[in-house]
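Okay, structure first, notes after.
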Amino acid sequence: MRALRLTAWGETPAPTEVERPVPHGTEVLVRVEAAGLCRSDLHVIDAAPGTLPYRLPFTLGHEVAGRVAALGPGADGVGLGERVVVHGPWGCGSCARCAAGHDNYCDRRDTLAWHGAGLGRDGGMADYLLVASARHLVPIGDLPADQAAPLSDAGLTSYHAVAGLRPALGEDTTAVVIGVGGLGHLAVQILRATTASRVLAVDVREDALALADRSGADFGTLLRPDTARALRARSGDVGADAVLDFVGTARTLELAAGVLRPGGALALVGSGGGSLTVAKPGVLPPGFRLSLPFWGARQELAEVVALARSGALHVEAERFPLSAAPEAIDRLRRGAARGRTVLVPD
Ligand SMILES: [Zn+2]
Ligand SMILES: [Zn+2]
(Lines give C-alpha, C1' and ligand atoms only; values in the text may rest on other atoms or scores of the structure.)
(Ligands and ions follow the chains in the order given, each with its own letter.)
Protein backbone atom coordinates (compact mmCIF):
# COMPACT_ATOMS: atom_id res chain seq x y z
CA MET A 1 0.00 0.00 0.00
CA ARG A 2 1.04 3.63 -0.30
CA ALA A 3 1.77 5.79 2.74
CA LEU A 4 3.08 9.30 3.34
CA ARG A 5 5.95 8.53 5.72
CA LEU A 6 7.95 11.14 7.58
CA THR A 7 11.49 9.81 7.35
CA ALA A 8 13.58 12.89 8.21
CA TRP A 9 12.74 16.02 10.20
CA GLY A 10 12.41 19.07 7.99
CA GLU A 11 11.78 17.14 4.76
CA THR A 12 8.34 17.19 3.07
CA PRO A 13 7.51 13.52 2.52
CA ALA A 14 6.25 11.87 -0.69
CA PRO A 15 4.11 8.69 -0.83
CA THR A 16 6.09 5.43 -0.71
CA GLU A 17 5.22 1.71 -0.82
CA VAL A 18 4.95 -0.09 2.52
CA GLU A 19 3.48 -3.40 3.66
CA ARG A 20 -0.24 -3.42 4.41
CA PRO A 21 -0.66 -4.09 8.17
CA VAL A 22 -2.51 -7.17 9.45
CA PRO A 23 -4.72 -6.70 12.56
CA HIS A 24 -3.87 -8.81 15.64
CA GLY A 25 -5.66 -8.98 19.00
CA THR A 26 -8.13 -6.11 19.37
CA GLU A 27 -6.75 -4.22 16.35
CA VAL A 28 -8.92 -2.95 13.52
CA LEU A 29 -7.75 -2.28 9.96
CA VAL A 30 -9.46 0.70 8.30
CA ARG A 31 -9.40 1.24 4.53
CA VAL A 32 -8.85 4.99 4.33
CA GLU A 33 -11.36 7.03 2.33
CA ALA A 34 -10.02 10.48 3.29
CA ALA A 35 -7.37 12.04 5.53
CA GLY A 36 -7.34 15.73 6.43
CA LEU A 37 -4.17 17.79 6.18
CA CYS A 38 -3.66 20.08 9.16
CA ARG A 39 -1.35 22.95 9.99
CA SER A 40 0.02 20.80 12.81
CA ASP A 41 1.29 18.37 10.13
CA LEU A 42 3.49 21.25 8.98
CA HIS A 43 4.68 21.82 12.57
CA VAL A 44 5.56 18.10 12.78
CA ILE A 45 7.37 18.04 9.41
CA ASP A 46 9.27 21.23 10.25
CA ALA A 47 10.12 20.28 13.84
CA ALA A 48 13.81 20.44 14.76
CA PRO A 49 15.24 17.01 15.69
CA GLY A 50 14.63 16.29 19.38
CA THR A 51 11.77 18.75 19.90
CA LEU A 52 9.01 16.13 19.55
CA PRO A 53 9.06 12.75 21.35
CA TYR A 54 8.19 10.87 18.13
CA ARG A 55 10.46 8.21 16.60
CA LEU A 56 10.94 8.20 12.82
CA PRO A 57 9.73 6.94 10.47
CA PHE A 58 5.93 7.05 10.81
CA THR A 59 2.98 7.76 8.52
CA LEU A 60 1.35 11.20 8.82
CA GLY A 61 -2.41 11.78 9.03
CA HIS A 62 -4.41 12.39 12.22
CA GLU A 63 -7.83 13.20 10.65
CA VAL A 64 -9.05 9.96 9.15
CA ALA A 65 -12.31 8.48 7.86
CA GLY A 66 -12.78 5.15 6.14
CA ARG A 67 -14.33 1.70 6.17
CA VAL A 68 -13.48 -1.23 8.45
CA ALA A 69 -11.60 -3.69 6.22
CA ALA A 70 -10.40 -6.37 8.69
CA LEU A 71 -10.71 -7.21 12.38
CA GLY A 72 -8.24 -8.84 14.75
CA PRO A 73 -9.57 -11.96 16.51
CA GLY A 74 -10.19 -9.98 19.74
CA ALA A 75 -11.74 -6.88 18.15
CA ASP A 76 -15.30 -5.98 19.05
CA GLY A 77 -17.59 -2.96 19.04
CA VAL A 78 -17.40 -2.39 15.28
CA GLY A 79 -18.51 -4.41 12.26
CA LEU A 80 -16.69 -5.35 9.08
CA GLY A 81 -17.60 -2.86 6.34
CA GLU A 82 -18.77 -0.20 8.82
CA ARG A 83 -17.83 3.39 7.95
CA VAL A 84 -16.04 5.21 10.74
CA VAL A 85 -14.05 8.26 11.72
CA VAL A 86 -10.97 7.76 13.89
CA HIS A 87 -10.66 9.45 17.30
CA GLY A 88 -7.07 10.56 16.74
CA PRO A 89 -5.59 11.29 20.18
CA TRP A 90 -4.14 8.01 21.42
CA GLY A 91 -3.00 7.93 25.04
CA CYS A 92 -1.63 5.09 27.13
CA GLY A 93 -5.02 3.36 26.94
CA SER A 94 -5.12 2.40 30.62
CA CYS A 95 -5.16 5.52 32.82
CA ALA A 96 -8.44 6.98 34.13
CA ARG A 97 -8.49 9.68 31.45
CA CYS A 98 -8.00 7.19 28.59
CA ALA A 99 -10.58 4.81 30.10
CA ALA A 100 -13.12 7.66 29.95
CA GLY A 101 -12.30 8.41 26.28
CA HIS A 102 -10.23 11.49 27.19
CA ASP A 103 -7.03 10.26 25.54
CA ASN A 104 -6.31 13.92 24.69
CA TYR A 105 -5.55 14.46 28.40
CA CYS A 106 -3.85 11.10 29.10
CA ASP A 107 -2.16 11.12 32.51
CA ARG A 108 0.91 9.40 31.01
CA ARG A 109 1.22 11.81 28.07
CA ASP A 110 4.74 12.86 29.10
CA THR A 111 5.97 9.24 29.06
CA LEU A 112 4.65 8.37 25.58
CA ALA A 113 6.58 8.61 22.29
CA TRP A 114 3.39 9.65 20.49
CA HIS A 115 0.33 11.89 20.77
CA GLY A 116 -1.92 9.95 18.43
CA ALA A 117 -2.56 8.66 14.93
CA GLY A 118 -0.09 10.32 12.55
CA LEU A 119 1.64 11.97 15.51
CA GLY A 120 4.37 9.50 16.39
CA ARG A 121 2.21 6.48 15.44
CA ASP A 122 1.31 5.47 11.88
CA GLY A 123 -1.57 7.66 10.70
CA GLY A 124 -4.06 7.75 7.85
CA MET A 125 -2.29 9.40 4.92
CA ALA A 126 -2.15 5.93 3.44
CA ASP A 127 -4.37 3.31 1.81
CA TYR A 128 -4.94 1.63 5.20
CA LEU A 129 -4.70 2.59 8.88
CA LEU A 130 -4.22 0.11 11.73
CA VAL A 131 -6.09 1.14 14.90
CA ALA A 132 -5.28 -0.48 18.28
CA SER A 133 -8.90 -0.87 19.33
CA ALA A 134 -12.46 -0.11 18.21
CA ARG A 135 -12.67 2.33 21.15
CA HIS A 136 -10.92 4.82 18.84
CA LEU A 137 -13.69 4.58 16.21
CA VAL A 138 -16.97 6.50 15.84
CA PRO A 139 -19.55 5.36 13.22
CA ILE A 140 -20.40 7.95 10.52
CA GLY A 141 -23.14 6.20 8.52
CA ASP A 142 -23.33 7.71 5.04
CA LEU A 143 -21.53 10.98 5.83
CA PRO A 144 -19.16 11.72 2.88
CA ALA A 145 -15.54 10.94 3.79
CA ASP A 146 -14.24 14.43 2.95
CA GLN A 147 -16.81 15.80 5.43
CA ALA A 148 -16.17 13.17 8.11
CA ALA A 149 -12.35 13.12 8.22
CA PRO A 150 -11.92 16.82 9.18
CA LEU A 151 -14.44 16.38 12.00
CA SER A 152 -11.89 14.34 13.95
CA ASP A 153 -9.54 17.28 14.52
CA ALA A 154 -10.77 20.53 12.94
CA GLY A 155 -14.31 19.72 14.11
CA LEU A 156 -13.50 18.03 17.42
CA THR A 157 -10.90 20.57 18.57
CA SER A 158 -13.29 23.44 17.81
CA TYR A 159 -16.16 21.62 19.51
CA HIS A 160 -14.11 20.91 22.65
CA ALA A 161 -12.95 24.55 22.80
CA VAL A 162 -16.54 25.81 22.45
CA ALA A 163 -17.75 23.27 25.05
CA GLY A 164 -15.51 24.88 27.69
CA LEU A 165 -16.96 28.33 26.90
CA ARG A 166 -20.61 27.36 26.49
CA PRO A 167 -21.71 28.34 30.05
CA ALA A 168 -20.55 31.91 29.29
CA LEU A 169 -22.40 32.11 25.97
CA GLY A 170 -26.08 32.63 26.75
CA GLU A 171 -28.47 35.20 25.24
CA ASP A 172 -27.00 38.59 24.30
CA THR A 173 -23.38 37.50 24.55
CA THR A 174 -20.53 37.80 22.08
CA ALA A 175 -17.99 35.24 20.90
CA VAL A 176 -15.00 36.24 18.76
CA VAL A 177 -13.29 33.72 16.49
CA ILE A 178 -9.76 34.70 15.45
CA GLY A 179 -8.49 32.80 12.40
CA VAL A 180 -11.09 31.38 10.02
CA GLY A 181 -9.30 28.41 8.46
CA GLY A 182 -9.89 24.67 8.79
CA LEU A 183 -10.77 24.91 12.49
CA GLY A 184 -12.14 28.44 12.67
CA HIS A 185 -14.85 28.01 10.02
CA LEU A 186 -16.17 24.99 11.93
CA ALA A 187 -15.95 26.88 15.25
CA VAL A 188 -18.21 29.57 13.77
CA GLN A 189 -20.75 26.90 12.75
CA ILE A 190 -20.52 25.11 16.13
CA LEU A 191 -21.06 28.40 17.99
CA ARG A 192 -24.13 29.07 15.83
CA ALA A 193 -25.50 25.58 16.34
CA THR A 194 -24.84 25.14 20.07
CA THR A 195 -24.84 28.61 21.69
CA ALA A 196 -27.02 31.74 21.60
CA SER A 197 -24.10 34.17 21.25
CA ARG A 198 -23.47 36.49 18.35
CA VAL A 199 -20.37 35.40 16.44
CA LEU A 200 -17.72 37.84 15.24
CA ALA A 201 -14.81 36.69 13.06
CA VAL A 202 -11.32 38.09 12.48
CA ASP A 203 -8.73 37.10 9.90
CA VAL A 204 -5.98 38.68 7.81
CA ARG A 205 -7.35 37.32 4.52
CA GLU A 206 -10.45 38.62 2.70
CA ASP A 207 -11.35 35.13 1.43
CA ALA A 208 -11.32 33.82 5.02
CA LEU A 209 -13.85 36.51 5.94
CA ALA A 210 -16.03 35.33 3.04
CA LEU A 211 -15.74 31.81 4.49
CA ALA A 212 -16.73 33.15 7.93
CA ASP A 213 -19.77 34.78 6.33
CA ARG A 214 -20.77 31.53 4.57
CA SER A 215 -20.30 29.73 7.90
CA GLY A 216 -22.83 32.00 9.60
CA ALA A 217 -20.74 34.67 11.34
CA ASP A 218 -22.70 37.83 12.18
CA PHE A 219 -19.76 40.09 11.35
CA GLY A 220 -16.24 39.70 9.99
CA THR A 221 -13.30 42.08 9.98
CA LEU A 222 -9.68 42.15 8.92
CA LEU A 223 -7.04 42.30 11.67
CA ARG A 224 -6.08 45.98 11.85
CA PRO A 225 -4.92 48.38 14.58
CA ASP A 226 -8.53 49.43 15.29
CA THR A 227 -10.04 45.92 15.22
CA ALA A 228 -10.56 45.70 19.01
CA ARG A 229 -12.65 48.89 18.85
CA ALA A 230 -14.73 47.58 15.92
CA LEU A 231 -15.44 44.30 17.73
CA ARG A 232 -16.29 46.09 20.96
CA ALA A 233 -18.83 48.25 19.09
CA ARG A 234 -20.42 45.08 17.69
CA SER A 235 -20.72 43.62 21.20
CA GLY A 236 -22.90 46.48 22.43
CA ASP A 237 -19.81 48.32 23.70
CA VAL A 238 -19.16 45.87 26.57
CA GLY A 239 -16.57 43.59 24.97
CA ALA A 240 -16.53 39.88 24.19
CA ASP A 241 -17.65 37.15 26.60
CA ALA A 242 -15.35 34.66 24.91
CA VAL A 243 -12.53 34.66 22.38
CA LEU A 244 -11.34 31.58 20.50
CA ASP A 245 -7.84 32.24 19.17
CA PHE A 246 -6.97 29.72 16.45
CA VAL A 247 -3.76 31.57 15.55
CA GLY A 248 -1.95 32.28 18.82
CA THR A 249 0.57 34.91 17.71
CA ALA A 250 1.58 37.95 19.78
CA ARG A 251 -0.72 40.06 17.61
CA THR A 252 -3.82 37.87 18.01
CA LEU A 253 -3.28 37.42 21.76
CA GLU A 254 -3.00 41.17 22.14
CA LEU A 255 -6.31 41.53 20.28
CA ALA A 256 -7.92 38.83 22.47
CA ALA A 257 -6.82 40.53 25.70
CA GLY A 258 -7.96 43.90 24.35
CA VAL A 259 -11.47 42.82 23.36
CA LEU A 260 -12.55 40.66 26.33
CA ARG A 261 -15.00 42.13 28.86
CA PRO A 262 -14.40 41.63 32.61
CA GLY A 263 -15.02 37.96 33.47
CA GLY A 264 -14.40 37.02 29.84
CA ALA A 265 -12.77 33.77 28.75
CA LEU A 266 -10.02 33.08 26.24
CA ALA A 267 -9.55 29.67 24.65
CA LEU A 268 -6.09 29.57 23.10
CA VAL A 269 -6.07 26.86 20.43
CA GLY A 270 -3.48 28.01 17.88
CA SER A 271 0.21 27.43 18.56
CA GLY A 272 1.51 30.51 16.79
CA GLY A 273 4.28 31.16 19.30
CA GLY A 274 2.81 34.27 20.97
CA SER A 275 2.66 34.68 24.74
CA LEU A 276 0.61 36.55 27.33
CA THR A 277 1.95 37.87 30.61
CA VAL A 278 -0.31 37.06 33.53
CA ALA A 279 0.04 39.56 36.39
CA LYS A 280 -2.28 41.01 39.00
CA PRO A 281 -2.83 43.85 38.60
CA GLY A 282 -2.01 43.83 34.91
CA VAL A 283 -3.45 44.44 31.47
CA LEU A 284 -5.79 41.43 31.49
CA PRO A 285 -9.41 42.17 32.49
CA PRO A 286 -10.51 41.22 36.03
CA GLY A 287 -12.06 37.75 36.15
CA PHE A 288 -10.12 36.76 33.00
CA ARG A 289 -10.15 33.01 32.42
CA LEU A 290 -7.80 31.14 30.10
CA SER A 291 -7.99 27.59 28.73
CA LEU A 292 -5.55 25.71 26.53
CA PRO A 293 -7.84 23.12 24.96
CA PHE A 294 -6.16 20.24 23.17
CA TRP A 295 -8.16 18.13 20.69
CA GLY A 296 -11.24 16.52 22.36
CA ALA A 297 -12.84 13.45 23.90
CA ARG A 298 -14.26 10.46 22.03
CA GLN A 299 -17.81 11.26 23.21
CA GLU A 300 -17.43 14.81 21.88
CA LEU A 301 -16.40 13.37 18.48
CA ALA A 302 -19.64 11.37 18.47
CA GLU A 303 -21.51 14.63 19.18
CA VAL A 304 -19.70 16.45 16.36
CA VAL A 305 -20.56 13.61 13.95
CA ALA A 306 -24.22 13.84 15.05
CA LEU A 307 -24.19 17.61 14.41
CA ALA A 308 -22.73 17.06 10.93
CA ARG A 309 -25.26 14.33 10.14
CA SER A 310 -28.08 16.68 11.20
CA GLY A 311 -26.87 19.17 8.58
CA ALA A 312 -25.61 21.79 11.07
CA LEU A 313 -21.95 21.47 10.01
CA HIS A 314 -20.48 21.81 6.57
CA VAL A 315 -16.74 21.40 6.05
CA GLU A 316 -15.30 23.44 3.18
CA ALA A 317 -12.96 20.78 1.88
CA GLU A 318 -10.49 20.85 -1.01
CA ARG A 319 -9.70 17.34 -2.22
CA PHE A 320 -6.29 16.19 -3.46
CA PRO A 321 -5.21 12.68 -4.44
CA LEU A 322 -2.76 11.16 -1.94
CA SER A 323 -0.17 11.05 -4.76
CA ALA A 324 -0.32 14.90 -4.85
CA ALA A 325 0.35 15.26 -1.11
CA PRO A 326 3.60 17.24 -1.56
CA GLU A 327 1.72 19.86 -3.67
CA ALA A 328 -1.13 19.98 -1.14
CA ILE A 329 1.38 20.51 1.69
CA ASP A 330 3.06 23.27 -0.30
CA ARG A 331 -0.29 25.02 -0.89
CA LEU A 332 -1.11 24.94 2.83
CA ARG A 333 2.36 26.31 3.60
CA ARG A 334 1.82 29.24 1.21
CA GLY A 335 -1.55 30.04 2.83
CA ALA A 336 -3.32 29.16 -0.43
CA ALA A 337 -5.52 26.37 1.00
CA ARG A 338 -9.25 27.17 1.34
CA GLY A 339 -11.01 25.59 4.31
CA ARG A 340 -9.68 22.08 4.92
CA THR A 341 -7.35 20.16 2.61
CA VAL A 342 -8.32 16.48 2.34
CA LEU A 343 -6.16 13.74 0.81
CA VAL A 344 -7.95 10.87 -0.91
CA PRO A 345 -6.16 7.58 -1.76
CA ASP A 346 -5.89 7.21 -5.57
ZN1 LIG B 1 -4.54 18.72 13.39
ZN1 LIG C 1 -3.71 7.41 29.41
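Ligands are counted one by one from 1 in listed order, and the atoms in each one are counted from 1 as well. Please read these numbers as outputs of a predicted model, since none were measured by experiment.
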Option from His87, Arg135, Arg97 for which side chain to side chain donor-acceptor pair (under 3.5 Å) with Asp103 holds: Arg135
Thr26 side chain to Gly72 backbone, donor-acceptor under 3.5 Å: no
Proximal heteroatom of Asp153 relative to the Zn ion (ligand 1) (N/O/S): OD2
Ring-ring centroid check Trp295 His115, cutoff 6.0 Å: no
Side chain to side chain contact (heavy atoms under 4.5 Å, CB included) partner of Val68, chosen from Val78, Val131, Leu29: Val78
Quiz item: cation-pi between Arg232 and Phe219, 6.0 Å / 45°: no
Single hit among Leu129, Leu322, Val86, Asp127 for side chain to side chain contact (heavy atoms under 4.5 Å, CB included) with Val32: Leu129
Number of protein N/O/S atoms that sit closer than 2.8 Å to the Zn ion (ligand 2): 4
